[in-house]
Amino acid sequence: MPRAVVTGAAGFLGSHLCERLLAEGWDVLGFDSLLTGSPGNLSNASGNARLRFERYDVTNYLMVEGPVDWVLHFASPASPRDYLDHPIPTLKVGAIGTFRALGVAKAKNAGLLLASTSEVYGDPQVHPQPESYWGHVNPVGPRGVYDEAKRFAEAMAMAYHRVHDIPVKIVRIFNTYGPRLRKNDGRAVPNFISQALAGQPLTVHGDGSQTRSLCYVDDLIEGIWRFLVSDALGPMNIGNPKEESVLEIAKLVRALTGSKSEVTFTERPVDDPEVRCPDISRARACLGWEASVPLEVGLASTIEYARTAWDA
Ligand code: UDP
């Protein structure tokens, strides 16, 4: 069976991805510095003899023994709060970490699947965003550390593809939520859930008219899996095109938790994108994929997770 190296293996997405690869019969070697990841995320998978996990910061030289078929580079702080708290590690893992991941792929004759982001589109002036859109990013703003690291990572991966003929797949991940989000990662969904469960006000930034398109983690992992085993290369948007305003999301979380919390309107972060919605024509055509979990259903399971895991 194939063998994958997964960086960021103990993160929100990395851990779900490891579980899926193991379920498909793959061998997995996972790395995570545990800067924002947590070993508990791998507790379901840790009994599996085909998983090996090492705590390791992949911005350091990456030494892998044995054959490798795919390197899946998922290591990075990924919520705005996390990358604002860790700007330099974010830049390093996007730049140097991608360089290490590509080095392993090249040495092993493997492919690279890069976890990229809708943030490469910045505060978009084209809506919804197709893969062909070049984006509208402020390189020197606070979010630039994440946006530009991922843009550099994409450029470097494509250079390795052109020069060394390495198969490169770039998944541009739009807002994703589900079990294993951290209570304090600062994102809208975990913030609203923890606030609603604690009976505290839901902090909507600005007037809440900005939009996001939320994809449930199981749908996202299905899209990534199909991309991995397809012939498709290059950038691929994976996300849910169903767009909601942030205020609507807050109200839905409040309703689903049965909370009586009020909504308060607070200051908007610098360079917070106004709209975000994936054009998933390519994923539909190449992978036959689209998100299927309704927001109410995905949020209900995330709330259930939060009630048990966050209070434990
Ligand atoms: N947001 C909010 N209240 C919060 C956290 C976030 O209104 O407590 C807003 C944030 O300003 C943005 C949207 O929700 O407009 C999504 O933010 P998130 O941090 O989840 O992800 P982003 O899409 O910005 O990476």
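For ligands, and for the atoms within them, numbers begin at 1 and follow the listed sequence. The analysis underlying the following values was restricted to heavy atoms, covering all of them including side chains, and did not include hydrogens, waters or symmetry mates.
Checked options Arg284, Lys242, Glu222; the residue passing with Glu290 is Arg284 (criterion: side-chain contact (heavy atoms from CB on, under 4.5 Å)).
Distances between N or O atoms of Gln210 and those of ligand 1 include at least one value under 3.5 Å. At a 3.5 angstrom cut-off on N or O pairs, Val246 does not count as close to ligand 1.
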Inset, instruction - For the pair Tyr305 and Trp310, evaluate side chain to side chain contact (heavy atoms under 4.5 Å, CB included) and give the outcome as yes or no after the intermediate values. - result: CA-CA 8 Å; Tyr305 166 81; Trp310 290 352; 3.7 Å; yes
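Listed by number with element, the atoms of ligand 1 under 4.0 Å from a non-hydrogen atom of Phe192 are 2 (C), 3 (N), 7 (O). Near Pro269, meaning under 4.0 Å from one of its heavy atoms, ligand 1 places the atoms 11 (O). In the vicinity of Glu119, heavy-atom distances shorter than 4.0 Å reach the ligand 1 atoms 25 (O). Close approach to Pro80 involves these atoms of ligand 1, each under 4.0 Å from a residue heavy atom: 19 (O), 24 (O), 25 (O).
For the pair Asn237 and Tyr121, the minimum side-chain heavy-atom distance is below 4.5 Å.
At least one heavy atom of Arg143 sits closer than 4.0 Å to an atom of ligand 1. Residue contacts with ligand 1 include Arg276, since one of its heavy atoms falls under 4.0 Å from the ligand.
Counting heavy atoms closer than 4.0 Å to ligand 1, residue Asn175 contributes side-chain atoms (C-beta onward) but none from N, CA, C or O.
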